[in-house]
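One structure is given here, and the rest of the page talks about it.
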Amino acid sequence: MTPANGAAGAEYLITSGPYPESTVAEPTIVLVEVRGPGGEIEQGGLLHATLAPGETSLIVAFHDPQGAPEPSRPPLTAGRYTVKVEDEGHTCVSETSFVVQA
């Protein structure tokens, strides 16, 4: 997680990997789930990404700034957020967290 501690309006980068090159033989769907301090899935916190063959890592942005003409995202509530990343076959599961400071 980058940053591990950040502001309510910050962009948070979730990195998964590195994976050995030989373990990703075909495109693999990866689910990223971000839950807020109360345990609920956050707005924009259910993400799907594809890990392509030969890739060794995956980076997903959460709460990234909206480009014009999209409205800006509301600030995150202060507290600890949990992040769960797993592949579609549920063979690799990883969990981490980050803290939004008041």
Side-chain angles (χ1 to χ4, degrees):
M1 285 301 314
T2 306
N5 293 293
E11 174 182 63
Y12 293 85
L13 297 179
I14 302 162
T15 304
S16 179
Y19 305 100
E21 279 189 49
S22 61
T23 61
V24 182
E26 58 187 61
T28 302
I29 303 296
V30 177
L31 173 67
V32 179
E33 183 181 282
V34 180
R35 293 188 177 267
E40 71 288 347
I41 294 178
E42 282 297 309
Q43 176 184 358
L46 191 57
L47 308 159
H48 293 88
T50 302
L51 187 62
E55 288 185 341
T56 58
S57 64
L58 181 69
I59 299 174
V60 177
F62 170 68
H63 204 258
D64 54 325
Q66 297 285 306
E70 297 293 324
S72 61
R73 295 191 190 275
L76 296 171
T77 304
R80 180 170 299 281
Y81 287 70
T82 59
V83 179
K84 181 178 179 182
V85 179
E86 67 182 312
D87 69 291
E88 62 188 328
H90 309 287
T91 55
C92 288
V93 179
S94 181
E95 294 187 25
T96 189
S97 65
F98 64 92
V99 175
V100 173
Q101 299 170 342

Could you give the distance from CG (L76) to CZ (F62), rounded to the nearest 0.5 Å?
5.0 Å

Side-chain atoms of residues 9-17: list all donor-acceptor pairs with protein atoms under 3.5 Å, sequence neighbours left out, distances to 0.1 Å.
unit_1: Y12; atom_1: OH; unit_2: G6; atom_2: O; d: 3.4
unit_1: Y12; atom_1: OH; unit_2: A7; atom_2: N; d: 3.4
unit_1: Y12; atom_1: OH; unit_2: A7; atom_2: O; d: 2.8
unit_1: S16; atom_1: OG; unit_2: Y19; atom_2: OH; d: 2.2

In sequence, state the C-alpha distance, the side-chain angles, and the governing distance for Y81 and V100, and then conclude on side-chain contact (heavy atoms from CB on, under 4.5 Å).
CA-CA 8 Å; Y81 287 70; V100 173; 3.4 Å; yes

D87 (side chain) donor-acceptor with C92 (main chain) under 3.5 angstrom
yes

Main-chain N/O of P74 paired with H63 side-chain donor or acceptor, under 3.5 Å
yes

Residues forming a side-chain contact (heavy atoms from CB on, under 4.5 Å) with E88, sequence neighbours excluded
T28, I29

Does the side chain of K84 come within less than 4.5 Å of V93's, by heavy atoms?
yes

Work out which heavy atom in S57 is nearest to a heavy atom in L51; give both atom names and the distance.
O-CD1, 3.6 Å

Identify the heavy atoms of A78 and P37 that sit nearest to each other, and give their distance.
O-CG, 3.7 Å

Going from CE on M1 to OG1 on T82, what distance comes out if it is rounded to the nearest 0.5 angstrom?
10.5 Å

Could you work out the complete set of other residues in the hydrophobic cluster of I41, with links drawn between I, L, V, M, F, W and Y side chains under 4.5 Å apart?
L31, L46

Kindly check if the number of other-residue, nucleotide or ligand heavy atoms within 6.0 Å of CD (E40) is above 12?
yes

Can you tell me how far the CD atom of E33 sits from the CD atom of E86, to the nearest 0.5 Å?
7.5 Å

Closest heavy-atom pair and its distance - T50, P27:
CG2-CB, 4.0 Å

Indicate whether the side chain of S97 and that of R80 have a donor and an acceptor atom separated by less than 3.5 Å.
yes

